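In the text below, chain A, chain B and the rest are named by the order of the sequence lines, each starting its count at 1. If you're wondering where the values come from, they're calculated on a predicted model, not measured in any experiment.
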Amino acid sequence: MVDRTMESPTVTEGPPLPRSFYDRPTLQVARDLLGCLLVHEPPGDAPTAGMIVEVEAYCGERDLAAHSAGGRRTARNEVMYGPPGHAYVYFTYGMHHCVNVVTRAAGVAEAILLRAALPTDGIARMRERRGLDESAPAHRLARGPGNLCRAFGIDRGANGADLVESALTIRRGRRVPPALVRRAPRIGIDYAGAYVSRPWRFLVADEPAVSARRA
DNA sequence: ATTTAGATCCTCT
DNA sequence: GAGGATCTAAATG
């Protein structure tokens with residue numbers, strides 16, 4: 001019997017998702033990421049893990065909200081153009097890191113932003129990184145893309161990391177039934193014209209770890 | 001409940 | 001030089 005009350009790591013919940021998982025239509029991958037387990041095991045640091053509960057799909061060069069919009073290929077978004085199953089990490093607003101999962105074959109610049117997770121392991125370490133005390137509930141620690149990165153200790157050092165085989169992986173977690181999946185427009189992309197209202201944000205209904213604007 | 005301002009720096013024009 | 005796939009606290013209705 002596993003004792004979860006002491007935050008014992010459950011990082012061994014199955015192997016990382018195979019690369020083929022990421023080499024599928026991006027909206028399908030986005031939906032399927034809900035319920036999966038994000039695991040970070042930095043060398044010499046405590047492992048952390050949590051269940052993904054909110055994501056946003058960014059669908060390639062046609063998507064005016066994506067960093068790859070219009071085919072702008074730069075040093076920053078280079079990883080988006082690479083093979084599937086890698087992490088695209090960028091820094092924004094002078095403060096926050098955001099982590100994405102790259103989908104589709106090399107040359108196709110699509111990715112999924114991880115917006116929120118419900119921490120399951122390493123919760124004490126996440127509180128430390130967030131600068132919060134014991135009173136902070138787990139569901140607040142990785143709510144919002146910037147907070148998620150901070151709680152998990154993800155920064156640009158993880159840019160390009162192979163999610164199939166590195167310190168940063170995604171594993172099979174809990175199956176989220178279709179009735180609990182909500183779709184909504186993406187956050188903070190007012191500049192994206194016709195793409196502003198695309199329902200490419202996926203989240204788990206009634207999940208307190210989901211960021212501010214619920215569906 | 002909703003709005004506002006401020007922190008703060010990398011990236012691209 | 002401008003603006004951004006953000007977050008929080010504080011002010012306001």
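Hydrophobic clustering (side-chain heavy atoms under 4.5 Å, transitive across Ile, Leu, Val, Met, Phe, Trp, Tyr) groups Val204(A) together with Val181(A).
First and last contacts of DNA chain B with chain A, using any nucleotide atom under 4.0 Å from a protein heavy atom and ordered 5' to 3', fall at dA7(B) to dT13(B). For DNA chain C, the span of nucleotides reached by chain A at under 4.0 Å from its heavy atoms goes, 5' to 3', from dG4(C) to dT8(C).
Judged purely by distance below 3.5 Å, without hydrogens or angles, the side chains of Thr169(A) and Arg171(A) pair a donor atom with an acceptor atom. Between the side chains of Glu110(A) and Tyr22(A), no donor N or O sits under 3.5 Å from an acceptor N or O. In the model, Tyr88(A) has a side-chain atom that pairs as donor or acceptor with a side-chain atom of His67(A) under 3.5 Å.
The residues Asp162(A) and Arg19(A) are annotated as salt-bridged, a charged nitrogen and a carboxylate oxygen being separated by less than 4.0 angstrom. Between Asp32(A) and Arg24(A) there is a salt bridge, with a side-chain nitrogen of the basic residue lying less than 4.0 Å from a carboxylate oxygen of the acidic one. Ion pairing between Arg125(A) and Asp45(A) holds under the 4.0 Å rule for side-chain N and carboxylate O.
Contacts of Asn100(A) with the nucleic acid, taken as non-hydrogen atoms under 4.0 Å apart, include base atoms. Looking at heavy-atom distances under 4.0 Å, Arg156(A) makes contact with sugar-phosphate atoms alone, never a base. Residue-level contact check: Arg130(A) touches the backbone only, with heavy atoms under 4.0 Å from sugar-phosphate atoms and none from bases. In this structure, Ile189(A) reaches the sugar-phosphate backbone alone: every heavy-atom distance under 4.0 Å involves primed, P, OP1 or OP2 atoms, never a base.
Judged by a 6.0 Å distance limit and a 45° cone about the ring axis, Arg186(A) is positioned over the six-membered ring of Tyr58(A). For Arg31(A) and Phe202(A), the positive end is not near the middle of the six-membered ring at less than 6.0 Å and at most 45° from its axis.
The aromatic rings of Tyr195(A) and Trp200(A) lie tilted to each other, with the angle between the two planes from 30° to 60°.
Base pairing in DNA chain B yields stems of at least 3 consecutive Watson-Crick or G-U pairs, both distances under 3.5 Å, namely B:1-7 with C:6-12, B:9-12 with C:1-4.
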